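Here is the structure we will look at.
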Protein chains: 2
Amino acid sequence: MGIAEDKVLTNLRKGVLEFCLLALLRDGEWYGLDIARRLSEQGLLAGEGTVYPLLSRLRRSGLVTTEWSESDVGRPRRYYTLTDLGRENLRAFSEVWGPFRRTVDTILETKP
Amino acid sequence: MGIAEDKVLTNLRKGVLEFCLLALLRDGEWYGLDIARRLSEQGLLAGEGTVYPLLSRLRRSGLVTTEWSESDVGRPRRYYTLTDLGRENLRAFSEVWGPFRRTVDTILETKP
DNA sequence: TGCTGATGCCTTGCATTGCCCGGTATGTTG
DNA sequence: CAACATACCGGGCAATGCAAGGCATCAGCA
């Protein structure tokens, strides 16, 4: 009975994942699978397949730009770059995240 | 373009709301509308109607128990009490929330 | 040459869950 | 009796992470 442990993390990821992805792109360009691996390492992503729909959405929203790797030895990769709009959205999220996190902390820390 | 501000908070609430509700019940018994008001004050709930499906789910899962207010002057109220299972789930969430919050903070704080 | 596996991209259908809108019932007040 | 506030509840909607699988290219090897 009760609530499954996995579900907890799954629901926490919602609303955070896409901005953590944007934050990753602050540091440089990455391609899909690499982004997926990095996010998975930090427990923010369950499977690699999850990241592609997200990346498509970010691209359609104009938060990231893509560029195919030309004249590369391996498989062609699609590299993602943060746009100014993406950078602004990331900053906006940070301002929402701070108070939100503090609110939750306060409620949880109240002594029984 | 970009991502709407409202959506950000909406998605953040998912996965947090039900545990903040449980945390409220740690301090005593409350009835539906009162719970809704308290959560709304802290920006964790958009409308009062949202809380009732959630409360039903928590009841079916055995995390809370309910008791109708007897011999009260006003309308009958359904009071919610935290069960042992609910208390345990709340504790389990706290242990997940801590590391999760730290991870997100770390990613966001990385300097560009 | 032809098979196998790894890499990398992507799509489809699903489940969860908060939100919005509306409905019911009871008590108080003019 | 009408109107309003209180208090409960349900149904349909939308967003989004997840699981599973498909397709294409290249390297290694017999």
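Quick caveat: nothing in here was measured; it's all calculated off a predicted structure. In the text below, chain A, chain B and the rest are named by the order of the sequence lines, each starting its count at 1.
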field: Gap between atoms NZ and P, on A:K14 and C:dT16 respectively (whole Å)
entry: 10 Å

task: Using a cut-off of strictly less than 4.0 Å, decide whether A:R77 has a side-chain nitrogen or oxygen near OP1 or OP2 of C:dG8.
output: yes

statement: In short, B:L22 meets B:G86 closest at the heavy-atom pair CD1-O, 4.0 Å

- line: With A:L58 as partner, the option from A:T83, A:L21, A:T65 fulfilling side-chain contact (heavy atoms from CB on, under 4.5 Å) is A:L21

- prompt: How long is the line joining CG of A:L12 and P of C:dG18, in whole Å?
  reply: 11 Å

Nearest-angstrom distance from the residue atom NZ of B:K7 to P of D:dC13: 16 Å

- prompt: For A:E18 and D:dA15, what is the distance between atoms CD and P respectively, to the nearest whole Å?
  reply: 12 Å

query: Would you say C:dG18 has OP1 or OP2 under 4.0 Å from some side-chain N or O of B:N11?
result: no

message: I want to verify a distance call: between D:dA19, C:dG18, D:dG17, whose nearest atom is closest to the B:R57 side chain?
response: C:dG18

field: Distance (rounded to the nearest 0.5 Å) between B:L9 CG and B:L45 CG
entry: 11.5 Å

Do any N or O atoms of the protein come closer than 3.5 Å to N or O atoms of nucleotides 9-11 of chain D, and which pairs are they?
| from | atom 1 | to | atom 2 | distance (Å) |
| --- | --- | --- | --- | --- |
| D:dC9 | OP1 | B:R78 | NH1 | 2.1 |
| D:dC9 | OP2 | B:Y80 | OH | 3.3 |

statement: Closest to the side chain of A:R13, out of C:dT16, C:dC19, D:dC18, is D:dC18

- prompt: Does A:R37 have a side-chain nitrogen or oxygen under 4.0 Å from the phosphate oxygens OP1 or OP2 of C:dG8?
  reply: yes

- prompt: CG/A:L12 to NZ/A:K7 distance, rounded to the nearest 0.5 angstrom?
  reply: 13.5 Å

- prompt: What integer distance in Å separates A:Y31:OH from C:dC10:P?
  reply: 13 Å

Less than 3.5 Å apart, which donor and acceptor atoms pair up between the side chains of residues 29-41 of chain B and the rest of the protein, not counting sequence neighbours?
| from | atom 1 | to | atom 2 | distance (Å) |
| --- | --- | --- | --- | --- |
| B:E29 | OE2 | B:T81 | OG1 | 3.1 |
| B:W30 | NE1 | B:L24 | O | 3.4 |
| B:Y31 | OH | B:R77 | NH2 | 3.4 |
| B:S40 | OG | B:A36 | O | 2.9 |

field: Spacing between A:L17 atom CG and D:dC18 atom C1', to the nearest angstrom
entry: 11 Å

- prompt: For the pair made of CG in A:L9 and P in D:dT16, what is the distance, rounded to whole Å?
  reply: 19 Å

query: What is the distance from CH2 of A:W30 to C1' of C:dG8, rounded to the nearest Å?
result: 16 Å

- request: Please work out which of the three classes, parallel, tilted or perpendicular, describes the rings of B:F100 and B:W97, given edges at 30° and 60°.
  value: tilted

message: Please compare B:G47 and A:L33 by the position of their nearest nucleotide in DNA chain C and report the one closer to 5'.
response: A:L33

Under 3.5 Å donor-acceptor, B:T66 side chain and B:R78 backbone: no

